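What follows is a short report on a single structure.
Nothing here was measured: the structure is a model prediction, and the numbers come from that model. Keep in mind that the numbers below use all heavy atoms, side chains included, and drop hydrogens, waters and symmetry copies.
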Amino acid sequence: MSAVLPLPEKFIENMRKMLGEDTPAFLRALEDAPALALRLNPKRPGAEEAASAFIDGPVPWAEHGRYLKPDVKPGASVAHAAGAFYLQEASAMASASALDARPGEVILDLCAAPGGKSTQIAAAMGDSGALISNDPEPARARALAGNLERMGAMHAAVVSALPGKLAARWPETFDAILTDAPCSGEGMFRRDPDARGEWSPAAPEGCARRQAEILDQAARMLKPGGRLVYSTCTFNRQENEGSVLHFLDRHPEFSPEDFELPGAGRSEGGMLRLWPHRLRGDGHFVAKLRKAGEWIPTQPAAIRTDRDTAALLRRLSEEVCALPEALESMNFFRLGDRLYARPACRPDLDGLKVISPGLCLMRVGRSHIEPEHALAMALPPECTRRTAELDAGEAAAFLRGEVIPCGGEKGWTLATHLGLPLGWGKVSEGSLKNHLPKGLRRPR
């Protein structure tokens with residue numbers, strides 16, 4: 001194991017100027033163990049029980065946030081694969097909490113990978129409204145889409161584009177935008193010691209220029225009356241207060257909006273810092289801004305279902321599952337051999353690189369349909385026609401892609417463990433034939 005790099009001297013000097021007599025406590029905190037945490041998925045009724053062996057108390061500023069006990073490995077658990085929780089550093093939950101997403105809104109997470117904040121926003125929206133999550137790097141956007149799928153987001157789409165391209169496509173479109181901007185990553189010094197070696201005195205200035213460009217494009221996409229949350233995981237003023245104040249100078253139509261997060265305090269001038277020596281978290285900066293003007297809710301497109309799509313939905317209902325209420329207010333569309341659902345209020349994705357255009361319901365064959373894994377993760381288990389509750393050993397085997405002994409009625413069956421969804425199988429001749437996607441199967 002390599003030695004941990006010392007903190008950069010220029011960084012220490014900058015922090016002394018900011019913190020004064022608090023500096024020794026701050027520097028000691030950066031040598032402590034990181035504040036690892038998870039966020040329970042409210043779509044999974046048994047999530048807290050399934051995660052109980054890993055949990056060590058609540059994260060005050062996130063409704064479903066829970067700290068982790070030391071030396072646990074929840075990422076290897078069946079509950080993690082079932083979307084019972086998302087592993088996320090505690091301070092990183094603050095910005096989505098400040099955004100205060102609500103059901104029915106149209107929201108953009110502009111710099112969203114790997115998906116912690118997007119999945120938190122999706123949970124707060126409760127499968128109502130529309131969420132678009134973006135990351136300009138396609139590989140990161142694919143990981144983002146996978147995490148939204150695992151957590152059962154029903155109303156989300158994932159795109160991969162630079163903010164300028166999105167702004168040209170979607171002027172004044174969103175009720176709320178989260179911009180967790182790329183930054184110099186000083187808040188990562190405790191959790192990722194390699195970040196110390198990647199930091200340079202010039203990094204904050206370069207990051208601030210990039211942040212300004214991103215914020216300017218976010219301003220174009222926000223509706224009048226909408227709210228913009230900007231956050232970083234760094235400590236310097238240039239990327240935090242500096243970026244916000246310069247943005248306000250460029251955009252007089254925006255004003256700060258104060259907010260309060262339990263356990264973290266109340267903002268000043270719409271800005272709040274989470275310091276690692278003052279709370280149990282690695283550190284974060286959050287700012288909340290409001291755009292002037294009258295807010296007008298998005299008018300959803302008319303819901304239309306053609307004859308062929310209606311026939312496919314009837315087959316899905318007869319063979320696999322009843323459609324939950326959230327899907328009844330969506331539009332359905334075909335892409336190739338797959339049928340998707342999308343919120344009626346979601347803006348069009350035409351002309352963009354689309355990673356996930358909506359909730360994938362099924363693959364359509366010549367004479368059969370095959371339900372998609374995304375549907376298994378998004379559905380309430382009680383909507384499925386057949387379920388197979390697996391014990392811990394069987395669940396682990398299912399996640400390895402193995403066939404499971406199973407009696408009962410033939411047909412598409414949702415495999416569950418502790419009521420949590422694992423994926424589709426098909427019961428035939430006393431066995432549950434495994435249809436978990438190969439890319440999600442664990443090594444044998």
Pairs touching residues 220-229 that satisfy side-chain hydrogen bond (donor to acceptor under 3.5 Å, both in side chains), sequence neighbours left out: E105-R227, D175-K223, Q217-R220, K223-T298

Any residue meeting ring pair (Phe, Tyr, Trp, His ring centres under 6.0 Å) with H64, in chain and number order, not counting sequence neighbours: none

With W170 via ring pair (Phe, Tyr, Trp, His ring centres under 6.0 Å) - residues at least two apart: F174

Listed once per pair and sorted, the ring pair (Phe, Tyr, Trp, His ring centres under 6.0 Å) pairs that draw on residues 221-249, sequence neighbours left out: F26-F235, F235-W275, F247-H251, F247-F254

Selection residues 113-141 - residue pairs positive for salt bridge (Lys or Arg N to Asp or Glu O under 4.0 Å), sequence neighbours left out: K43-D127, K117-D180, D135-R140

Contacts of E213 that satisfy side chain to side chain contact (heavy atoms under 4.5 Å, CB included) - sequence neighbours left out: none

Which residues share a side chain to side chain contact (heavy atoms under 4.5 Å, CB included) with E394, sequence neighbours left out: L390, D391, I404

Exercise: do R142 and S160 side chains pair donor with acceptor under 3.5 Å: no

Side chains of M125 and L131 in contact at under 4.5 Å (non-hydrogen atoms): yes

With T387 via side chain to side chain contact (heavy atoms under 4.5 Å, CB included) - residues at least two apart: T384, L414

All pairs passing ring pair (Phe, Tyr, Trp, His ring centres under 6.0 Å) where residues 94-142 contributes a residue, at least two apart: none

Contact list for residues 377-389, test salt bridge (Lys or Arg N to Asp or Glu O under 4.0 Å), sequence neighbours left out: R386-E409

Results of side chain to side chain contact (heavy atoms under 4.5 Å, CB included) for P24 - residues two or more places apart only: R28

Side chain to side chain, L7 and L27, heavy atoms closer than 4.5 Å: yes

Side-chain donor/acceptor pairs under 3.5 Å, residues 146-155, sequence neighbours excluded:
residue: N147; atom: ND2; partner: P114; partner atom: O; Å: 2.9
residue: N147; atom: ND2; partner: A143; partner atom: O; Å: 3.4
residue: R150; atom: NH1; partner: H80; partner atom: O; Å: 2.8
residue: R150; atom: NH1; partner: F85; partner atom: O; Å: 3.0

R342 to F332, cation-pi by 6.0 Å centre distance and 45° axis angle: no

